[in-house]
Amino acid sequence: MPLNRDFIGRSYEGGGTFEVGREHIRRFAQAIGDSNPIYVDPDAARAAGHKDVIAPPTFLTAVGMSLASSGPISDPGLGLNYALVVHGEQKFVHHRPVSPGDVLSSKTTIESIRDAGANELMLMRQDITDADGELVCEAFNMVVSRGTAASAG
Amino acid sequence: MAASVKYDDVEVGTQLPAQTFQVKRSNLVMYAGASGDFNIIHWNERTAKAVGLPDVIAHGMFTMAEAGRVVTDWVGDPGAVVEYGVRFSAPVPVPDDDTGTTLEVSGHVEEKLADNKVAVALEAKALGATVLTKARAIVQLA
């Protein structure tokens, strides 16, 4: 079943907040096998000019996952079958690093949906802001919906 | 930010130290928990094969994170990575064994930009396939 193209341009926000946790950053760094002390040692982070430890460059994927229940992937009207989804492209544009205590909000917009052979490509843009409303990161996420193009029958 | 690499010390073509990573099922389990991405294709072989994949595959974001370590290990301060993007060009199948799949990542300075920033291009291969294309990081150097 093709994705519902009426959803192009639709935005999702108000799904709650994501508070960045010190142990979450530590666990994420462990999971990617990265022993950089700036993720776990406040003194090392301060020596590098940060106020506290910071999160790895791809950590904010966890914000998308945490708030996904209010986003497009969980919207039944869009018609996305998550088992058919693979990740196509990802980009983070960081405006500042995130640290423990940051309370983040997210607004996700479906920028485009198009066919690529038998697959469909959906590009989402996620604006992640802090408690002051300042932009922390722009995350661009393109997912591939395998075999759902109308032409694939 | 305190990058340990100076802008004046690098040129277009400067190589970053290459690294290899062993990707095992246990890594995917840890990554699922840490990232919150519990997509069944990253841990259930039966379902992965039923939807046409060769095996359980690594989270694209896990591969992206590992490749990013070549940049952050080089520059020292992960906060110096101001932009990072990739295209996932092939899946990284991860077998149910003790060895896992070898991910090889290399990188070089592709362009020197204004304000002491550089663009780094990354290459990532697994099982003979290029698994990331358009892999590029913008890094703030000292």
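Reckoned from all heavy atoms, side chains included, excluding hydrogens, waters and symmetry mates. Order of the sequence lines fixes the chain letters, A, B, ..., with proteins taken first and strands second; residue numbering starts at 1 for each chain.
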Interatomic distance, A:S35 atom OG to B:D73 atom CG [nearest 0.5 angstrom]: 7.0 Å

Looking at every heavy atom in both A:T58 and B:A65, which two are closest together, and how far apart are they? OG1-CB, 3.5 Å

Look at the side-chain heavy atoms of Ile, Leu, Val, Met, Phe, Trp and Tyr, link any pair under 4.5 Å apart, and say whether B:V131 and B:I57 land in one connected group. no

Given that the side chain runs from C-beta out, which part of A:F140 has a heavy atom under 4.5 Å from chain B: side chain, backbone, both or neither? neither

Between A:P37, A:A62, A:G88, which shows the greatest number of heavy-atom pairs under 4.5 Å with chain B? A:G88

Between B:G76, B:G60, B:P91, which residue shows the highest count of heavy-atom pairs closer than 4.5 Å to chain A? B:G76

Do you reckon B:L122 sits in the same ILVMFWY cluster as B:V118, going by side-chain contacts under 4.5 Å, direct or chained? yes

Within residues 20-32 of chain A, which positions have a heavy-atom distance to chain B below 4.5 Å? A:H24, A:R27, A:F28, A:Q30, A:A31, A:I32

B:D97, CG atom: more than 12 neighbouring heavy atoms under 6.0 Å: yes

Counting neighbours of NZ on B:K112 that are heavy atoms of other residues, nucleotides or ligands and sit closer than 6.0 Å, is the number greater than 12? yes

Excluding sequence neighbours, so at least two apart, what forms salt bridge (Lys or Arg N to Asp or Glu O under 4.0 Å) with A:D127? A:R125

Common cluster, A:L78/A:M65, ILVMFWY with side-chain heavy-atom separation under 4.5 Å: yes

Does a side-chain heavy-atom distance below 4.5 Å link A:T61 with B:F62? no

Under the 3.5 angstrom rule, does the side chain of A:D34 hit a backbone N or O of B:R69 as a donor-acceptor pair? no

Can you say whether A:P57 sits under 4.5 Å from chain B via the side chain, the backbone, both, or neither, judging by heavy atoms? side chain

Which bit of A:V93 is near chain B, if near means a heavy-atom gap under 4.5 Å: side chain, backbone, both or neither? both

Taking the side chain as everything from C-beta on, heavy atoms only, tell me whether B:F88 gets closer than 4.5 Å to A:M142. no

Would you check if A:R146 and B:L53 make a side-chain contact, meaning some heavy-atom pair closer than 4.5 Å? yes

Please state whether the side chain, the backbone, both or neither of A:R96 comes within less than 4.5 Å of a heavy atom of chain B. neither

B:D77 side chain near A:H50 side chain, heavy-atom distance below 4.5 Å: yes

Sequence neighbours excluded and cut-off under 3.5 Å, please list the side-chain donor-acceptor pairs for residues 9-19 of chain A, or say none.
{"unit_1": "A:S11", "atom_1": "OG", "unit_2": "A:T109", "atom_2": "OG1", "d": "2.7"}
{"unit_1": "A:Y12", "atom_1": "OH", "unit_2": "A:D75", "atom_2": "OD2", "d": "2.8"}

NZ (B:K134) and NZ (A:K91) are apart, to the nearest 0.5 Å, by 8.0 Å

How long is the span from the OG1 atom in B:T72 to the OH atom in A:Y39, to the nearest 0.5 Å? 4.5 Å

Within 6.0 Å of CG in B:D98, more than 12 heavy atoms from elsewhere: no

B:L28 versus chain A, heavy atoms under 4.5 Å apart: side chain, backbone, both or neither? neither

Ranked by heavy-atom pairs below 4.5 Å to chain A, first place among B:T133, B:I40, B:D37, B:I41 goes to B:D37

Starting at CD of A:Q90, measure out to CZ of B:R87 and round the result to the nearest 0.5 Å. 13.5 Å

Joint cluster assignment, A:L123 & A:V143, ILVMFWY side-chain distance < 4.5 Å: no

Residues in salt bridge (Lys or Arg N to Asp or Glu O under 4.0 Å) with A:D115, at least two apart? A:R5

Quick check on B:E123: does its CD atom have over 12 non-hydrogen neighbours (other residues, nucleotides or ligands) under 6.0 Å away? no

Hey, quick one: are B:V70 and A:I38 part of the same hydrophobic cluster, counting side-chain heavy atoms closer than 4.5 Å, chains of contacts allowed? no

So which heavy atom on B:G79 is nearest to which on A:P97, and how close? CA-CG, 4.2 Å

